[in-house]
2 protein chains.
Amino acid sequence: MRKRPVSLKTLAQALSVSMSTVSRALRNHPDISPELTRKVQLLAQELQYSPNPLAMGLLRSQTYTIGVIVPDLVTHFFASIISGIERVANEHGYHIVIRSSYESYQKEKECLADLLKLRVDGIIMCLAQETQEYAHFDALLDAEVPLVFFDRVCRATEVATVVVDNQEAARRITRHFFEGGYRRIAHIAGPASLNITQERIEGYQQALAACGLPFEESLLVHCDLSIASATAATQRLLALPNRPDAIFGVNDTTAFAAMKELKRQGLRIPQDVALVGFTDEFHATVVEPTLTSVMHPTVEIGQEAALLFLEQARAATHPAPRQTILTTQLVVRDSSAPKPA
Amino acid sequence: MRKRPVSLKTLAQALSVSMSTVSRALRNHPDISPELTRKVQLLAQELQYSPNPLAMGLLRSQTYTIGVIVPDLVTHFFASIISGIERVANEHGYHIVIRSSYESYQKEKECLADLLKLRVDGIIMCLAQETQEYAHFDALLDAEVPLVFFDRVCRATEVATVVVDNQEAARRITRHFFEGGYRRIAHIAGPASLNITQERIEGYQQALAACGLPFEESLLVHCDLSIASATAATQRLLALPNRPDAIFGVNDTTAFAAMKELKRQGLRIPQDVALVGFTDEFHATVVEPTLTSVMHPTVEIGQEAALLFLEQARAATHPAPRQTILTTQLVVRDSSAPKPA
DNA sequence: GTGAAAGCGCTAACAG
DNA sequence: CTGTTAGCGCTTTCAC
């Protein structure tokens, strides 16, 4: 059996004073004589005393723990957001407990419930793809538990959110294609229920209109963000009687899958079909041709989310939900080089 | 201010019975009358009672929390291992608290100290690159705190570890090159202090010997696993008067960096220089040429690590440290196609 | 200046 | 069958 770590009691007994004295001495309470204070602190140091957070948690109903729920732990996008959260959280004395919803609505509810049972001080999360009901957040909102959504959000008027300028980014991509001479611009979008999907579609359509291009329903296909589904979506596009000459994928994984499928079908990029991704992972520079992509400030998303959490955690009264919109940047590479005349 | 959640006391008062009765009823203690038990459980359900883990933690000195320390949260390798840990941990009622050491020895010690202060039930970790002193684990070992190392390990006779068959994998790669007709086989290794580096170098040298090839010091270069450093290492190899015709990178990131540099210098892969990576990320299939790589069972590493933790956590007496060795597989792709005669 | 007591939420002897 | 008590580690009145 593991022995219990040194507690205030241990120190108190060793010094033949009361626990409360030790407690005060450790926090430099002015009531305690300087000498005693010094003696207590010295012994504490020596015995490696560290206050038991469980006891403090019980007392204060505060655990300095943030629950983080992501749809998927492995994807670079989420991994680097977690990294951002972790950094800011730790800097402010918080720990993070991570759970994956595996893109499942059911699992998301479970994770949420588990984390609340664990008494986390708040939640930072990204909605699962499946999630289309948002009632499971009622309890949090009622109890004013700090809550922050990032990337995929809902109830944005009630909850703090961190998102990127999806619409603008989609406009920029579409315009970029147009300026490169591409006229049949397709978009492999994500699941229709997600805000990011909708926003990017809107931007795509706005830019088409601005460029004087018609919006063709057949050039807008959906995928569930998996590689298999992105491949299938690409196949649907390429099977069209009048196939697109440019494809804008909802993220880099989608774009990579599309790239693979294009190559498999013997199509040249960008001569036959140009390609742009979204997120800008390191690998965008390694694939051939290098992939034009929208740079997503992933680490900043995480950091900002953590800051929004802290804002709520520290506020005496529940603050109005803040929306943070981070800006993206189009990084042009070979996969979208201007169309040869 | 957030209101406190319902406690046993709440239930007890509502039903005008004592807390202990409620406590027993909730756990179906045979002493409590069936009707009372039912009534209590019903109310608990209704009021969404959930036992306070802080209170339980105080009582039992057990938090059902595992501290996980990785050198880096973003890398696919660690992200998927974390995913494996998370899955098994959650299945067994544990939560994981994640920290990144950022490959720093100092930070690693901090993370460890922080997690212990948090009263985690144990630690699962991968050593930071910088770490070459292992005294900070003494306290854990003394206190018999469950500890599991994965991938990069130390004190393997005292601590449970999960590793892959690095030596065998390196032998297989080297032999694969040899069989493809390559004779000047270089290895971009990791930092010399890491066990994985040493093991892979040993396997590399063994296979060279077995193939009747001399070991040339200049063909063995080190990098710190960063992209920049891998690029520099590649440059050193290519600057040799008699440059290698095959390169075996210590991981995929290294291989990708090498690939990029090879292309930059106008060298063809594999005609001029063949390339093999280690870890087999998805992107190995997207780059051009597709990258031959050693498939690392990352998720399994995480799962196995979690199981080793559970074994220790549940054991009445501290069990002898178990070493798990997982097997890898060489996935052959275009970057190491046989050398044209 | 310092100590005693109560309480955060819970369980486990020990009584009845 | 059920209630009382003590204690896990800590802070905070309230006494002295």
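Just so you know, these numbers use all the heavy atoms, side chains as well, and skip hydrogens, waters and symmetry mates. In the text below, chain A, chain B and the rest are named by the order of the sequence lines, each starting its count at 1.
- Among the protein residues, Pro30(B) comes within range of no part of the nucleic acid, since none of its heavy atoms lies under 4.0 Å from any strand.
- Per the geometry, CZ belonging to Arg60(A) stands 7 Å off P belonging to dT11(D), to the nearest Å.
- Contacts of Ser20(A) with the nucleic acid, taken as non-hydrogen atoms under 4.0 Å apart, include base atoms.
- Between Lys39(A) atom NZ and dG1(C) atom P the separation is 15 Å, expressed in whole Å.
- For dG9(C), the base has no donor-acceptor partner in the side chain of Arg119(A) [N/O atoms by modelled type, under 3.5 angstrom].
- Rounded to an integer number of Å, the gap from NZ of Lys9(B) to P of dC10(C) is 11 Å.
- Leu54(B) comes within 4.0 angstrom of nothing in the nucleic acid, heavy atoms only.
- For Ile32(B), whose side chain is taken as the heavy atoms from C-beta onward, the closest listed nucleotide among dT2(D), dG3(C), dC8(D) is dT2(D).
- The phosphate of dG3(D) (OP1 or OP2) has a side-chain N or O of Ser18(B) nearer than 4.0 angstrom.
- When side chains are defined from C-beta on, Ile66(A) counts as touching Phe309(A), because their heavy atoms get closer than 4.5 Å.
- In terms of position on DNA chain D, the residue among Leu36(B) and Leu58(B) whose nearest nucleotide sits closer to the 5' end is Leu36(B).
- Among the heavy atoms of the strands lying under 4.0 Å from Arg27(A) are primed sugar atoms or P, OP1, OP2 only; no base atom is included.
- Using a cut-off of 4.0 Å between Lys/Arg side-chain N and Asp/Glu carboxylate O, Glu35(B) and Arg38(B) are scored as not salt-bridged.
- Regarding contacts with the backbone of dC10(D), every side-chain N or O of Ser23(A) stays at 4.0 angstrom or more from both OP1 and OP2.
- In this structure the side chain of Val68(B) never reaches within 4.5 angstrom of the side chain of Val97(B), judged on heavy atoms.
- Distance Met19(A) CE to dG1(C) C1': 18 Å, rounded to the nearest Å.
- Across all strands shown, Ser33(A) has heavy atoms under 4.0 Å from sugar-phosphate atoms exclusively, and none from any base.
- Between Gln13(B) atom CD and dC8(C) atom C1' the separation is 14 Å, expressed in whole Å.
- Side chain of Arg4(A), nearest nucleotide from dG9(C), dT12(D), dG9(D): dG9(D).
- For Pro51(B), the listed nucleotide lying nearest its side chain is dC10(C); candidates were dG3(C), dC10(C), dG9(D).
- The separation between Arg24(B) atom CZ and dC10(C) atom P is 15 Å, rounded to whole Å.
- For Phe149(A) and Phe137(A), the gap between ring centers is short of 6.0 Å.
- Here dC8(C) presents its C1' atom at 15 Å from CG of Leu8(A), a figure rounded to the nearest Å.
- With hydrogens and angles disregarded, a donor-acceptor distance shorter than 3.5 Å links the side chain of Asn90(A) to the backbone of Tyr94(A).
- Following rounding to the nearest Å, Asp31(B) (CG) and dG3(D) (P) show an atom-to-atom distance of 12 Å.
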